[in-house]
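Notes for the one structure printed next.
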Amino acid sequence: QVQLVESGGGLVQAGGSLRLSCAASGRTFSKNTMGWFRQVSGKERDLVAIISWSGGSADYTDSVKGRFTISRDNAKNTVYLQVNSLKPEDTAVYYCAASNSPLAFPPPSYDYWGQGTQVTVSS
């Protein structure tokens, strides 16, 4: 079993930056692909970024490419999402998720989810 705890969200103005963190505990030796998702109230939860266990493969949804960067530090059992040049439309609850698959491609199903951290971007 894997537990995920997100942190780093907050209120920022458009153009600002945050670094979101997701700390994993439990079965920390598993080779998990990690993903970041976001959800706006009343809408579907959408994939933002994904990174393989090795960190060698990553992908992003088109709307965040060039602005967001996913990374991981397996020694710390932590995955990060650096969010830059934030726009009001980035406002959402951001969730991290873990897959039991070590491969980012093809996109895996996700087995564990965090509780989310709120990112609010004002104009």
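- Under the 4.5 Å side-chain contact rule for hydrophobic residues, Ile70 and Leu103 do not share a cluster.
- Side-chain N or O atoms of Asp59 include none that pairs as donor or acceptor with a backbone N or O of Ile50 at under 3.5 Å.
- Nearest heavy atom pair, residue Ala98 against residue Leu4, reads N-CD1, 3.7 Å.
- Ring planes of Tyr94 and Phe68: tilted class, angle from 30 to 60°.
- A distance of 9.0 Å separates CG of Asp46 from CZ of Phe37, quoted to the nearest 0.5 Å.
- The minimum heavy-atom distance linking Tyr60 with Ala49 is given by the pair CD2-CB, 3.5 Å.
- At most 12 non-hydrogen atoms from other residues, nucleotides or ligands lie less than 6.0 angstrom from NZ of Lys43.
- With Arg38 as reference, Asp90 is the one residue of Thr91, Thr61, Asp90 to meet the side-chain hydrogen bond (donor to acceptor under 3.5 Å, both in side chains) rule.
- A heavy-atom distance below 4.5 Å is found between the side chains of Met34 and Cys22.
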If you apply the rule side-chain contact (heavy atoms from CB on, under 4.5 Å), what do you find for Leu81 with Trp36, and how did you get there?
CA-CA 7 Å; Leu81 186 69; Trp36 282 97; 3.5 Å; yes
For Val12 and Thr120: C-alpha separation, side-chain torsions, deciding distance, then whether side-chain contact (heavy atoms from CB on, under 4.5 Å) applies.
CA-CA 6 Å; Val12 298; Thr120 302; over 6 Å; no
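- With Gln39 contributing its side chain and Glu44 its backbone, the two residues share no donor-acceptor pair below 3.5 Å.
- Checked by atom type and distance alone, the side chain of Asn77 never pairs as donor or acceptor with a backbone atom of Ser25 at under 3.5 Å.
- Residues Val93 and Trp113 fall within the same hydrophobic cluster, defined by Ile, Leu, Val, Met, Phe, Trp and Tyr side chains chained together at heavy-atom separations under 4.5 Å.
- Counting heavy atoms from C-beta outward, Thr117 and Tyr95 have side chains that stay 4.5 Å or more apart.
- Within the 3.5 Å criterion, the main-chain N or O of Ser57 finds a donor-acceptor partner in the side chain of Ser52.
- In the model, Asn84 has a side-chain atom that pairs as donor or acceptor with a side-chain atom of Ser17 under 3.5 Å.
- Side-chain atoms of Arg19 do not come within 3.5 Å of backbone N or O of Gln82 as any donor-acceptor pair.
- For Gln118, the CD atom is densely surrounded, since the number of other residues' heavy atoms within 6.0 Å is greater than 12.
- Distance alone, capped at 3.5 Å, places no donor-acceptor pair between the Ser101 side chain and the Ser99 backbone.
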